[in-house]
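Throughout, numbering of the chain's residues begins at 1 and tracks the sequence. Every heavy atom of this structure was used, including side-chain atoms; hydrogens, water molecules and symmetry mates were not. All ligand and atom numbering here is 1-based and tracks the order in the structure.
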Amino acid sequence: MTTAPQTAPADALPSELVQRLLPLATAGSAPSVEVFAPATGAKIADLPQSDTADIEHAFVTARKAQRAWASVPVRERVAVLRRFHDLVLAEQDVILDIVQTETGKSRVHAFDEVGDVAVNARYYAAQAERLLAPRNARGVLPVLTRVEVRHRPKGVVAVISPWNYPLALAVSDALPALAAGNAVVARPDNQTALTALWAIEVAERAGLPKGLWQAVLGRGSVIGGEIIDRADYVDYTGSSNTGRTIARQAGERLIGCSLELGGKNPMLVLADADVSAAAKIAVRACFASAGQLCESIERIYVHDNVYDRFVTEFAAHTRELALGSARDYSYEIGSLTFQRQIDTVTAHVEDAVAKGATVLAGGRARPDLGPYFYEPTILADVREGMTAYREETFGPVVSVYRVGSDDEAVEQANDSAYGLNASVWSRNTTRAREIAARVEAGSVNVNEGFIAAWGSVAAPSGGLGISGGGRRHGPEGLRKYIDTQTIAVQRALPIAPLPGMSEAMWAKTMTLYFGVMKALRQQ
Ligand code: NAD
């Protein structure tokens, strides 16, 4: 592992920037909390916290702003997204510094978030008008019944987002909600609140009406319920356990929710895979943001014929990774974000090793680089009964398994309660697609790790099983934020017996009509 000396660790932000962003949150009534930079442990800010009155104020303000926004033509709404796209790219150095400082990740992984926001802004700017256009539907009596389906925004959408991809997850789900005519009350994680506040500031400079995108601050377990009590829809990203709590609370109020939860994502390297390409991309797929990525690969099933070559190349690439937190692109892997993250990673590796697993690369913390650095780690001989076998590590740890056939690879890949992302490697993409269809995951990447599916934002992304039931990206990523309203206009004749017609004759006539419609193959 390369450990060249670092020049400027990402551990502080200009106080002028912090003081400019903090007032954008509707917060301050509850005692503030201190937030520290993972790279060195230096303090970033005293973060104001929201109490009940703040949360109420945020929702009242958002609701008022939403009523006006809903009547703004979609074309004008998406013009804001276009300007937002340009500003984010133009001012990326500022947000890259904020994301790195708050999360400890490397600049290259912070840039992935900038890219994510840009492509989502562009996609929904281009598609929202079409997706929100009213459409006609066939009436019960053709010609006489005219039916139109309209779309109505939900109202105020709560976006509760975690700390690991703070820009992508707080912003890319808010953009389609806003394009659809909703207001958003964001609850970014305390650790990464400045990232969300920066996005709100930029959106307002791009023309978003003030008050429409609010932020409240606090621990989810403290203020989550208060937010859900006031929201018209909840978009939640986080662990499967918390997802259950959110679903219960949303269910109690009979409001919708979108749940983007955890993963224990498999990669399948088939016998005919391009082994070198797979070994190279596996590094990115396993260790992006030091493995603190819901889509990252934590299990790799490799066909016996190519196992030794794959493992040798993958371990060699992994050992070459440069660890550091400087604000430039010289380091590939940054720090973990919290003490509890390094505790989990350490516990999973120690448990596996104590029970007989072999460390092929990494396997230790690096306090010499910063409090939460951990070497990208490859384990072999991981078995049922070891924590890392089934539980999500959410850190830079992957287990490799030797399999005797493609069927065995599929069977093992599917032996998990999660179903978020998967990756299949084969030179025969037709076969790989057939295998992909058998893998129980919301997205499957052929000859890629996660970026091919994740970055293709015209297609939906989300999980199966305990990875959640929500979808972001694509038409689904916007439609979840709207309700449909059907307006049916009956003309000339009522849908009832004509004057003098008995109910029995009406039933006979309609039976005939139903038969004719079926014969004509009409819906
Ligand atoms: P977590 O569930 O403990 O916390 C995630 C967020 O939820 C935090 O910001 C927390 O404050 C908030 N939260 C906690 N309890 C809450 C409550 N009762 N109401 C409202 N909010 C509450 O998870 P974590 O370990 O901090 O985050 C990592 C998890 O998130 C991993 O499981 C990861 O896979 C998942 N994740 C999923 C996706 C996805 O798109 N599927 C993306 C990123 C992270």
Side-chain angles (χ1 to χ4, degrees), residues 33 35 38 47 49-50 55 102-103 105 109 112-113 116 120 158-173 185-193 195-196 215-231 234-250 252 257-265 288-298 336-345 391-395 416-421 441-443 450 453-454 457 460-473 477:
V33 297
V35 178
L47 197 71
Q49 299 287 278
S50 308
I55 296 167
E102 291 189 319
T103 62
K105 67 175 69 181
H109 297 140
D112 286 347
E113 301 206 49
D116 181 81
N120 275 288
V159 176
I160 302 177
S161 53
W163 44 271
N164 62 320
Y165 273 69
L167 184 67
L169 299 174
V171 176
S172 295
D173 284 352
V185 173
R187 199 299 323 217
D189 195 279
N190 274 340
Q191 180 64 32
T192 51
T195 294
V216 293
L217 304 179
R219 291 182 58 189
S221 53
V222 176
I223 65 169
E226 301 236 34
I227 294 169
I228 297 169
D229 277 349
R230 292 167 173 82
V234 185
D235 183 87
Y236 174 74
T237 306
S239 68
S240 301
N241 268 344
T242 307
R244 289 187 182 95
T245 306
I246 304 279
R248 267 197 300 274
Q249 292 174 339
E252 201 54 51
C257 65
S258 175
L259 302 171
E260 310 285 348
L261 310 176
K264 184 79 183 171
N265 308 301
S289 287
Q292 298 174 129
L293 163 66
C294 54
E295 306 262 320
S296 74
I297 300 295
E298 293 199 4
L336 293 167
T337 304
F338 297 113
Q339 182 64 43
R340 71 167 191 270
Q341 286 297 112
I342 202 144
D343 289 347
T344 307
V345 169
E391 280 186 27
E392 182 186 36
T393 305
F394 209 56
S416 170
Y418 290 104
L420 190 59
N421 178 49
S443 2
F450 67 91
W454 178 267
V457 297
S461 169
L464 308 180
I466 66 166
S467 294
R471 290 292 178 270
R472 54 164 62 102
H473 299 168

Practice problem: Could you please spell out the steps behind the side chain to side chain contact (heavy atoms under 4.5 Å, CB included) verdict for V33 and L217? | Solution: CA-CA 10 Å; V33 297; L217 304 179; over 6 Å; no
Quiz item: Nearest protein heavy-atom contact for atom 41 (N) of ligand 1: which residue, which atom, what distance?
Solution: L261 O, 2.6 Å
Practice problem: Would you tell me which option among G463, S221, C294, G243 has the nearest heavy-atom contact to atom 36 (N) of ligand 1? | Solution: C294
Quiz item: In a check of side-chain contact (heavy atoms from CB on, under 4.5 Å) between Y236 and each of I228, I246, D173, V159, which one passes?
Solution: I246
Quiz item: Nearest to atom 15 (N) of ligand 1 by heavy atom, T242, I246, T337: which?
Solution: T242
Quiz item: To which protein heavy atom is atom 1 (P) of ligand 1 closest, and what is the distance rounded to 0.1 Å?
Solution: S239 OG, 3.5 Å
Quiz item: Quick one: which ligand 1 atoms are inside 4.0 Å of a heavy atom on T237?
Solution: 37 (C), 38 (C), 39 (C), 40 (O), 42 (C), 43 (C)
Exercise. Examine distances only and state if a side-chain atom of S467 and a backbone atom of G419 form a donor-acceptor pair shorter than 3.5 Å.
Key: yes
Quiz item: For ligand 1, which part of R340 has a heavy atom less than 4.0 Å away: the side chain, the backbone, both, or neither?
Solution: side chain
Quiz item: What residue and heavy atom of the protein are closest to atom 4 (O) of ligand 1, and at what distance?
Solution: Y236 OH, 3.9 Å
Self-check item: Flag side-chain contact, heavy atom, 4.5 Å: P166 against T103
Solution: yes
Quiz item: Which heavy-atom pair separates F450 from L293 by the least distance, and what is that distance?
Solution: CZ-CD2, 3.5 Å
Quiz prompt | Closest approach of any protein heavy atom to atom 30 (O) of ligand 1, naming residue and atom | solution = G238 C, 2.9 Å
Quiz item: Got a second to check how far R244's CZ is from L259's CG, nearest 0.5 Å?
Solution: 10.5 Å
Quiz item: Which residue and non-hydrogen atom of the protein lie closest to atom 43 (C) of ligand 1, and at what distance in Å?
Solution: N164 ND2, 3.3 Å
Quiz item: Should F394 be counted as touching ligand 1, given the test is an N or O pair under 3.5 Å?
Solution: no
Quiz item: Backbone N or O of F394 within a donor-acceptor pair of the E298 side chain at under 3.5 Å?
Solution: yes
Quiz item: At a non-hydrogen distance cut-off of under 4.0 Å, which region of I223 contacts ligand 1 (side chain, backbone, both, or neither)?
Solution: neither
Quiz item: Any idea which atoms of ligand 1 are less than 4.0 Å away from a heavy-atom of E260?
Solution: 37 (C), 38 (C), 39 (C), 40 (O), 41 (N)
Practice problem: Determine yes or no for a side-chain-to-main-chain donor-acceptor pair under 3.5 angstrom, with K264 supplying the side chain and E392 the backbone. | Solution: no
Exercise. Find all atoms of ligand 1 within a distance of less than 4.0 Å from any non-hydrogen atom belonging to L169, and give their numbers and elements.
Key: 42 (C), 43 (C)
Self-check item: Per-residue contact class, L420 against ligand 1 - non-hydrogen pairs under 4.0 Å
Solution: side chain
Quiz prompt | Any donor-acceptor N/O pair, T237 side chain to L169 backbone, under 3.5 Å | solution = no
Quiz prompt | Atoms in ligand 1 flagged as close to G224, the criterion being non-hydrogen separation under 4.0 Å | solution = 19 (N), 20 (C)
Quiz item: What part of R187, side chain from CB on, backbone N/CA/C/O, both or neither, has a heavy atom under 4.0 Å from ligand 1?
Solution: side chain
Quiz item: Would you say the side-chain atoms of Q292 and T337 include a donor-acceptor pair closer than 3.5 Å?
Solution: yes
Quiz item: What protein heavy atom is closest to atom 17 (C) of ligand 1, reported as residue, atom name and distance in Å?
Solution: G220 O, 3.3 Å
Quiz item: Considering only protein heavy atoms, which is closest to atom 8 (C) of ligand 1, and at what distance to one decimal place?
Solution: D189 OD2, 3.2 Å
Self-check item: Main-chain N/O of V35 paired with Q191 side-chain donor or acceptor, under 3.5 Å
Solution: no
Quiz item: Where on E392 is there a heavy atom closer than 4.0 Å to ligand 1, on the side chain, on the backbone, on both, or on neither?
Solution: side chain
Quiz item: Can R248 and E252 be said to form a salt bridge (Lys or Arg N to Asp or Glu O under 4.0 Å), step by step?
Solution: CA-CA 6 Å; R248 267 197 300 274; E252 201 54 51; over 6 Å; no
Quiz item: Does N265 reach the main-chain N or O of E295 with its side chain, forming a donor-acceptor pair under 3.5 Å?
Solution: yes
Self-check item: For S161, atoms of ligand 1 separated by under 4.0 Å from a heavy atom
Solution: 9 (O)
Quiz item: Hey, is R472 one of the residues with a heavy atom under 4.0 angstrom from ligand 1?
Solution: yes
Self-check item: Closest protein heavy atom to atom 27 (O) of ligand 1, given as residue, atom name and distance to 0.1 Å
Solution: W163 NE1, 3.8 Å
Quiz item: When you look for heavy atoms under 4.0 Å from ligand 1, do you find them on the side chain of S467, its backbone, both, or neither?
Solution: neither
Quiz item: Do any N or O atoms from the side chain of N120 and from the backbone of D116 form a donor-acceptor pair under 3.5 angstrom?
Solution: yes
